[in-house]
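Residue numbers begin at 1 in each chain, while the letters A, B, ... track the order of the sequences.
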2 protein chains.
Amino acid sequence: MGNKEIQEQRMKGYFIQATKEILKGEGLRNISVRNIAERAGYSYATLYNYFKDVRDLIFECVVDFQEECETFVLSESAKNKPGIEKIRAIAKAYVKYFIQYPGTFELFFLEKTNDVANKQPTLKLISNFLDRLSNNDWEYCITTKVMTAEAAKVKKNTLHFTLVGMLLLYSNRRQPETYKEFSEEVGNQINSILAMK
Amino acid sequence: MGNKEIQEQRMKGYFIQATKEILKGEGLRNISVRNIAERAGYSYATLYNYFKDVRDLIFECVVDFQEECETFVLSESAKNKPGIEKIRAIAKAYVKYFIQYPGTFELFFLEKTNDVANKQPTLKLISNFLDRLSNNDWEYCITTKVMTAEAAKVKKNTLHFTLVGMLLLYSNRRQPETYKEFSEEVGNQINSILAMK
DNA sequence: TTCAATATATTAACAGTGTTAATTTAATAA
DNA sequence: TTATTAAATTAACACTGTTAATATATTGAA
């Protein structure tokens with residue numbers, strides 16, 4: 001990587017860092033090109049020398065947040081037994097991360113993409129994220145005959161869709177009204193999905 | 001209702017009608033105060049004589065769309081036997097409606113609310129909508145001993161969260177990529193949730 | 001009917017948004 | 001040191017939602 005590439009990556013990094021800070025703090029609503037640039041220490045137009053548009057920049061944060069989330073999930077589920085128990089812990093930690101940083105949930109699931117074709121790899125990354133986190137333990141369940149491969153496949157999807165649906169309804173529609181209720185319902189849903197015949 | 005109230009309701013109706021048309025057509029992205037007002041045949045500032053802000057106006061469309069959706073769901077599930085079979089048909093029609101009019105999905109689940117307190121009744125309306133549509137048949141399942149009241153409660157929620165999650169991932173994240181795949185997965189999920197022990 | 005008071009609708013303006021073109025500043029090569 | 005290229009900045013455009021000031025109807029009283 002030549003000097004030019006190094007410098008370019010550094011510049012991109014400044015903007016990405018600023019964007020991440022705003023997303024974690026104020027969230028997606030209060031983000032703006034001028035906002036990001038000010039925090040990065042550059043003029044707003046400079047941003048366009050390094051990113052096609054602001055959505056491009058915003059979506060480049062996905063990878064970083066996924067790494068952070070993965071670290072969190074791994075540490076939260078480390079002491080759990082492989083299989084069902086670990087899947088349960090992973091699912092809970094997954095939800096916990098997005099609740100802790102609502103801006104990341106908005107980024108992962110709510111932020112609109114102008115040209116979906118260009119962002120397809122990132123969208124796939126998002127969709128497969130929970131799979132990636134829990135795949136080992138689903139495989140474990142299959143090999144230990146706790147469930148069939150078919151059952152695992154369906155349950156894995158049900159779990160994913162349910163968690164995303166709950167997160168959406170809670171963070172965007174205040175349903176249920178309190179975090180306590182939400183947290184309990186998350187537990188109930190995880191349990192009953194994993195207990196599915 | 002005096003003349004003044006009648007006239008005021010008529011004016012509100014013009015703006016609501018225009019908003020509904022845009023939501024159904026171009027969707028939430030391309031909606032704007034000037035856009036709505038032009039279609040309603042008034043200046044953009046006139047809108048503020050009848051609505052606190054544009055979000056207020058937009059959320060007033062929820063009730064109308066729910067009625068439309070309810071009519072659609074009832075007709076699509078009319079010839080199904082009460083209980084499990086009807087719940088299945090209701091769930092499929094519910095999804096079908098939001099797929100047919102993506103703008104309504106955005107309105108129901110994605111549109112942000114500035115002051116959540118003021119919109120709480122509408123948010124409740126949205127969250128309880130599928131419940132309202134299917135409650136009779138869940139009750140039927142309980143009285144005919146197909147499942148316990150406890151099981152029904154959990155399944156009802158699982159179904160709701162799963163459908164909302166799938167709709168979100170498909171319409172906002174193109175996951176899965178084709179409608180065919182999506183539609184099949186919806187069927188699979190409904191079946192396996194209803195078959196849960 | 002005519003005039004004043006009120007209600008309603010419109011235009012102008014403000015502060016914000018993303019983005020691009022023109023311009024200035026900095027870095028590089030001769 | 002100067003000419004050329006690269007990078008960063010300012011100015012501008014076309015939007016957005018919202019409010020204040022203005023113009024236009026509508027109403028009530030003389």
Side-chain angles (χ1 to χ4, degrees), chain A residues 1-19 22-23 25-61 103 106-107 110-116 118-119, chain B residues 1-19 22-23 25-61 103 106-107 110-116 118-119:
Chain A
M1 188 152 65
N3 283 346
K4 188 165 174 182
E5 279 76 19
I6 291 174
Q7 288 162 20
E8 190 174 320
Q9 276 310 114
R10 245 202 289 266
M11 284 296 289
K12 289 188 81 167
Y14 299 148
F15 286 108
I16 291 173
Q17 182 57 31
T19 306
I22 299 170
L23 279 176
E26 293 92 307
L28 206 58
R29 325 166 101 88
N30 298 71
I31 217 162
S32 79
V33 175
R34 285 164 177 83
N35 203 357
I36 295 166
E38 186 187 24
R39 194 179 280 254
Y42 287 93
S43 171
Y44 49 87
T46 307
L47 191 148
Y48 290 90
N49 291 331
Y50 300 94
F51 302 92
K52 192 179 126 283
D53 54 40
V54 70
R55 282 179 204 276
D56 237 62
L57 164 55
I58 288 172
F59 263 98
E60 289 219 26
C61 300
E106 298 179 291
L107 167 59
L110 305 185
E111 167 74 343
K112 316 261 174 183
T113 65
N114 274 334
D115 67 342
V116 69
N118 186 37
K119 308 266 166 56
Chain B
M1 188 151 67
N3 283 347
K4 189 166 176 181
E5 279 77 18
I6 291 174
Q7 289 163 19
E8 190 173 322
Q9 277 309 114
R10 247 204 285 270
M11 285 295 289
K12 289 188 81 166
Y14 299 148
F15 286 108
I16 290 174
Q17 182 57 31
T19 307
I22 299 169
L23 280 175
E26 294 92 304
L28 206 58
R29 326 165 100 86
N30 299 71
I31 217 162
S32 79
V33 175
R34 285 164 177 82
N35 204 355
I36 295 167
E38 185 187 24
R39 194 181 280 255
Y42 287 92
S43 171
Y44 49 87
T46 308
L47 192 151
Y48 290 90
N49 291 330
Y50 301 94
F51 302 93
K52 193 179 124 283
D53 54 41
V54 70
R55 280 179 205 276
D56 237 63
L57 163 55
I58 289 171
F59 264 99
E60 289 219 25
C61 300
E106 298 178 291
L107 167 59
L110 305 184
E111 167 74 345
K112 315 260 175 185
T113 65
N114 273 335
D115 65 342
V116 70
N118 186 36
K119 307 267 166 57

Query raised in the report: Residues in side-chain contact (heavy atoms from CB on, under 4.5 Å) with B:Val33, at least two apart?
Result: B:Tyr44, B:Leu47, B:Tyr48, B:Val54
Query raised in the report: Who pairs with A:Tyr42 by ring-ring contact (aromatic ring centres under 6.0 Å, His included), at least two apart in sequence or on another chain?
Result: A:Phe15
Report task. Can you sort out the partners of A:Glu38 under side-chain contact (heavy atoms from CB on, under 4.5 Å), two or more places apart, ordered by chain and number? Result -> none
Query raised in the report: Does A:Tyr50 put a side-chain nitrogen or oxygen below 4.0 Å from OP1 or OP2 of D:dA7?
Result: no
Could you write out each protein N or O paired with an N or O of nucleotides 10-14 of chain D at a distance under 3.5 Å?
from: D:dA11; atom 1: N7; to: A:Tyr44; atom 2: OH; distance (Å): 3.2
from: D:dA11; atom 1: N6; to: A:Tyr44; atom 2: OH; distance (Å): 3.2
from: D:dA12; atom 1: N6; to: A:Arg34; atom 2: NH2; distance (Å): 3.3

Query raised in the report: Looking at residues at least two apart in the chain, or sitting in another chain, which of them share a side chain to side chain donor-acceptor pair (under 3.5 Å) with B:Arg39?
Result: B:Glu21
Query raised in the report: In chain order, what residues pass the side chain to side chain donor-acceptor pair (under 3.5 Å) check against A:Glu26, with sequence neighbours excluded?
Result: none
Query - Value in whole Å for how far the P atom of C:dG18 lies from CD1 of A:Ile36 - result: 7 Å
Query raised in the report: A:Glu8 CD to D:dA6 C1': how many Å, rounded?
Result: 12 Å
Query raised in the report: Which nucleotide in the set D:dT18, C:dT10, D:dT9 lies at the smallest distance from any side-chain heavy atom of B:Tyr42?
Result: C:dT10
Report task. Take the protein atom CG of B:Leu47 and the nucleotide atom P of C:dT10, then report the distance between them rounded to whole Å. Result -> 11 Å
Query raised in the report: Quick one: B:Glu38 CD to C:dT11 C1', roughly how many Å, whole number?
Result: 16 Å
Report task. Taking all non-hydrogen atoms of both residues into account, name the closest pair between A:Phe51 and A:Leu57 and its distance. Result -> CZ-CD1, 3.6 Å
Report summary line: A:Tyr14 atom OH is separated from D:dA8 atom C1', nearest whole Å, by 15 Å
Report summary line: Among D:dT16, C:dG18, D:dA7, the one nearest any side-chain atom of A:Tyr48 is C:dG18
Report task. Please collect all salt bridge (charged side-chain N to carboxylate O under 4.0 Å, His left out) contacts where either partner lies in residues 46-61 of chain B, sequence neighbours excluded, each pair once. Result -> B:Lys12-B:Glu60, B:Arg55-B:Glu111, B:Asp56-B:Lys119
Report task. Specify the closest pair of heavy atoms between B:Ile36 and B:Ala18, including all atoms of both residues, with the distance to one decimal. Result -> O-CB, 3.6 Å
Requested in this report: Check for a donor-acceptor pair, side chain of B:Ser32 on one end and backbone N or O of B:Asn35 on the other, with a separation under 3.5 Å.
Outcome: yes
Protein-nucleotides 21-27 of chain D N/O pairs under 3.5 Å:
none

Query raised in the report: Whole-Å distance between C:dA9 C1' and B:Arg10 CZ?
Result: 17 Å
Query - Protein-nucleotide distance (A:Asn114, atom CG; C:dG18, atom P), rounded to Å - result: 12 Å
Query raised in the report: Rounded to whole angstrom units, what separation is found between the CZ atom of A:Phe15 and the C1' atom of D:dT9?
Result: 12 Å
